[in-house]
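Structure, as structure tokens:
For ligands, and for the atoms within them, numbers begin at 1 and follow the listed sequence.
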Amino acid sequence: MSEKKVNMAVAGATGAVGNQMIKCLEERKFPLKSIKLLASRRSVGREIRFKGELFAVEELTESSFQNVDIALFSAGGDTSKNFAPIAAKEGCVVVDNSSAWRMDPEVPLVVPEVNPHAIADYTKKGIIANPNCSTIQLVVALNPIHKKCGIKRIVVSTYQAVSGTGKKAIDELFDQTRSMINFLDYEKKVYPHRIAFNCLPHIDVFMENGYTKEEMKMVNETRKILEDETIGVTATTVRVPVFFGHSESVNVETIEHITADEARALLEQEIALKVIDEPAKNLYPLAIDAAGQDLTYVGRIREDESISNGINMWIVADNIRKGAATNTVQIAEMLLKNCL
Ligand code: NAP
Ligand code: 3JN
């Protein structure tokens with residue numbers, strides 16, 4: 001039987017996430033008949049290398065999706081809102097990285113290791129949503145515990161890399177750091193405060209309830225993916241001067257008791273996870289080790305001694321890979337294998 005191959009489009013191909021999607025398609029040998037690299041008018045004239053060949057970047061327009069089977073979107077929420085339905089009308093299935101469609105009840109929100117069955121609902125709108133990066137690594141690590149013991153409440157604080165804000169923020173951290181160590185004035189273009197040698201408890205915009213939109217994404221998306229609206233989730237999201245890799249301090253209250261040793265053994269069985277938890281040897285997950293990898297790393301697993309059923313842990317993953325590009329490509333692989 002011949003292998004199924006698809007005509008693919010990548011919208012946002014010149015961005016931090018789009019760039020990694022292209023790498024990921026290449027690395028994972030995604031079976032392609034053709035690939036179209038789309039971005040804004042500003043990028044027309046640029047070329048991007050894919051499998052050793054240079055491809056011209058095309059402007060994303062209403063006619064970009066004719067004869068395209070799958071489109072991976074990472075060009076911002078407004079672009080997804082406008083163009084995903086146009087693509088879907090052409091019969092193209094959209095895997096969207098923005099928050100535009102995540103909470104739409106007719107759009108599945110998928111992490112392949114956690115809720116692969118949800119993908120079947122893609123037929124309702126022709127759109128599948130990729131969750132927020134901070135949510136993805138959280139649910140990959142917590143799903144085994146939820147299945148075994150039931151999770152009652154999650155308290156999470158994040159330490160998020162600047163690459164989550166895109167290519168301009170990567171440049172801002174680099175430029176500010178260079179200015180600071182040379183005793184020069186620095187510029188602020190992306191964040192409201194200096195990010196070099198600083199932490200900002202502010203990701204995305206503030207909402208009326210005092211939380212940021214990033215924090216509320218974590219709350220709502222976690223419940224949707226774990227398919228349990230009864231789980232209490234509260235989040236504080238913080239931007240830190242790290243280029244790649246989000247870290248999370250997580251406190252979980254379970255319904256049934258689980259010891260730290262049992263939790264560690266349970267997580268060690270998961271192929272998408274790597275447990276690094278040898279504090280006596282100073283071994284625990286680090287953003288610098290997770291960068292460039294597709295696994296989710298878990299460590300510092302210990303019992304919360306302040307309650308009867310609680311576990312604390314430290315979860316790290318590459319926000320641009322598992323948090324965005326890799327998860328999107330994994331969804332496209334599942335779609336191709338099981339649905340198209
Ligand atoms: P980025 O580095 O700033 O890149 C933005 C990309 O979108 C560029 O390719 C840009 O093209 C393109 N674009 C912007 N406006 C466009 C328009 N009107 N028409 C066509 N293309 C347009 O940002 P990024 O970090 O890659 O993030 C892109 C999006 O991915 C975010 O806005 C977000 O929705 C999503 N994202 C999701 C996660 C997640 O947690 N899953 C993480 C990060 C980002 P030009 O180069 O031509 O301007
Ligand atoms: O800041 C981070 O670390 C993750 C950022 C994700 C992001 C950035 C801009 C727009 C998103 C997202 O995926 O939630 C969006 C969006 O709302 O689409």
Looking at ligand 1, does any of its N/O atoms fall within less than 3.5 Å of an N/O of Ser163? no

Below 3.5 Å, N or O to N or O, backbone or side chain included: is there any such pair between Ser98 and ligand 2? no

Ligand 1 versus Thr79: contacting region, heavy-atom distance under 4.0 Å: side chain

Step through the shown structure and confirm whether more than 12 heavy atoms of other residues, nucleotides or ligands are within 6.0 Å of OH on Tyr211. no

Tell me which protein heavy atom sits closest to atom 44 (C) of ligand 1, plus the residue, atom name and distance to 0.1 Å. Val17 CG2, 3.6 Å

Evaluate whether atom NZ of Lys125 has more than 12 neighbouring non-hydrogen atoms of other residues, nucleotides or ligands under 6.0 angstrom away. yes

Take every heavy atom of Asn319, measure it against each atom of ligand 2, and state whether any distance is under 4.0 Å. no

Location of contacts on Ala11 toward ligand 1, heavy atoms closer than 4.0 Å: neither

Can you pull out the closest protein heavy atom to atom 36 (N) of ligand 1? Residue, atom name and distance to 0.1 Å, please. Asn97 O, 3.9 Å

Polar contact flag for Arg46 and ligand 1 (N/O pairs, less than 3.5 Å): no

Considering only heavy atoms of Ser98, which atoms of ligand 1 have at least one such atom less than 4.0 Å away? 34 (O)

Who gets closest to atom 7 (C) of ligand 2 by heavy atom: Lys217, Gln160, Lys81? Lys217

Ion pair present between Lys322 and Asp294, side-chain N to carboxylate O less than 4.0 angstrom? no

Before accepting this row, confirm whether a basic side-chain N of the pair Asp171/Lys168 lies closer than 4.0 Å to the acidic partner's carboxylate O. no

N/O to N/O below 3.5 Å, does that happen between Thr165 and ligand 1? no

Contact (N/O only, under 3.5 Å) between Asp204 and ligand 2: no

Transitively linked via ILVMFWY side-chain contacts under 4.5 Å: Val139 with Val110? no

With heavy atoms and a 4.0 Å threshold, my read on which part of Leu60 contacts ligand 1 is side chain

Close N or O approach (Gly12, ligand 1; < 3.5 Å): yes

With a sphere of 6.0 Å drawn around CD1 of Ile181, does it hold more than 12 non-hydrogen atoms of other residues, nucleotides or ligands? yes

Closest to atom 10 (C) of ligand 1 among protein heavy atoms sits Thr14 OG1, 3.8 Å

Less than 6.0 angstrom from the centroid, inside 45 degrees of the normal: does Arg194 satisfy that with respect to the ring of Tyr186? yes

Between the side chain of Thr296 and the main-chain N/O of Val140, is any donor-acceptor distance below 3.5 Å? no

With a 4.0 Å cut-off on heavy atoms, is Lys213 touching ligand 2? no

Does the ring centre of Trp314 sit less than 6.0 Å away from the ring centre of Tyr159? yes

Say whether Asn97 and ligand 2 are in contact under the criterion: heavy-atom distance to a ligand atom below 4.0 Å. yes

Please work out whether any backbone atom (N, CA, C, O) or any side-chain heavy atom from C-beta onward of Leu38 is under 4.0 Å from ligand 1, and answer side chain, backbone, both or neither. neither

Are Leu267 and Pro144 close enough that some pair of their side-chain heavy atoms sits under 4.5 Å apart? yes

Could you check atom 5 (C) of ligand 2 against the protein and tell me its nearest heavy-atom contact, residue, atom and distance included? Gly164 O, 3.2 Å

Is the closest basic N to carboxylate O distance between Lys189 and Glu172 below 4.0 Å? no

Considering the heavy atoms of Ile203, write down every atom of ligand 2 situated less than 4.0 Å from one of them. 1 (O)

Walk me through it: do Lys51 and Glu26 pass the test salt bridge (Lys or Arg N to Asp or Glu O under 4.0 Å)? CA-CA 6 Å; Lys51 291 190 178 171; Glu26 184 168 341; over 6 Å; no

Using heavy-atom distances, let me know which of Ala100, Gly76, Ala16, Ala75 sits nearest atom 32 (O) of ligand 1. Gly76

What's the verdict on salt bridge (Lys or Arg N to Asp or Glu O under 4.0 Å) for Asp228 and Arg223, showing C-alpha distance, side-chain angles and the deciding distance? CA-CA 5 Å; Asp228 190 342; Arg223 290 184 179 141; over 6 Å; no

Could you check whether Glu214 pairs with Lys217 (Lys NZ or Arg NE/NH1/NH2 to Asp/Glu carboxylate O, under 4.0 Å)? yes

Hey, does Gly323 come in under 3.5 Å of ligand 1, counting only N/O atoms on both sides? yes

Asn130 heavy atoms, cut-off 4.0 Å: which ligand 1 atoms fall inside? 41 (N)

Show your working on salt bridge (Lys or Arg N to Asp or Glu O under 4.0 Å) between Arg321 and Glu27 and close with a plain yes or no. CA-CA 12 Å; Arg321 288 189 65 106; Glu27 279 172 20; 2.6 Å; yes

Atom 5 (C) of ligand 1: which protein heavy atom is closest, and how many Å away? Gly15 CA, 4.2 Å

Ligand 2 and Thr165, any nitrogen or oxygen pair closer than 3.5 angstrom? no

Mark yes when over 12 heavy atoms from residues, nucleotides or ligands other than Arg300 sit less than 6.0 Å from its CZ; otherwise mark no. no

Regarding ligand 1, does Ser99 bring an N or O atom to under 3.5 Å of one of the ligand's N or O atoms? no

What I want to find out is whether Lys29 reaches Glu333 closely enough, with some N-O distance under 4.0 Å, to be called a salt bridge. no

Glu59/Arg41 ion pair, N-O < 4.0 Å: yes

Considering heavy atoms of the protein only, find what lies nearest to atom 48 (O) of ligand 1 and give residue, atom and distance to 0.1 Å. Arg42 NH2, 2.8 Å

Find all atoms of ligand 1 within a distance of less than 4.0 Å from any non-hydrogen atom belonging to Lys167, and give their numbers and elements. 2 (O), 46 (O)

For ligand 1, which atoms have a heavy atom of Gly166 less than 4.0 angstrom away? 2 (O), 23 (O), 25 (O)

Audit row: Ser64, Glu58, side chain to side chain donor-acceptor pair (under 3.5 Å) steps and yes/no: CA-CA 9 Å; Ser64 296; Glu58 297 172 42; 5.9 Å; no

For atom 1 (O) of ligand 2, find the nearest protein heavy atom and state the residue, atom name and distance (0.1 Å precision). Arg239 NH2, 2.6 Å

Going only through I, L, V, M, F, W and Y residues with side-chain contacts under 4.5 Å, is there a path from Ile331 to Ile225? no

Is ligand 2 under 4.0 Å from a heavy atom in the side chain of Ala324, in the backbone, in both, or in neither? neither

Suppose I only count heavy atoms of Cys133 and a 4.0 Å limit; which atoms of ligand 2 are within that range? 3 (O), 4 (C)

If we only count N/O pairs under 3.5 Å, is Ala324 in contact with ligand 1? no

Regarding ligand 1, does Cys133 bring an N or O atom to under 3.5 Å of one of the ligand's N or O atoms? yes

With backbone taken as N, CA, C and O and side chain as the heavy atoms from C-beta onward, which portion of Arg102 lies under 4.0 Å from ligand 2: side chain, backbone, both, or neither? side chain

Pick, from Ser74, Ser43, Ser40, Ala39, the option with the minimum heavy-atom distance to atom 6 (C) of ligand 1. Ser74

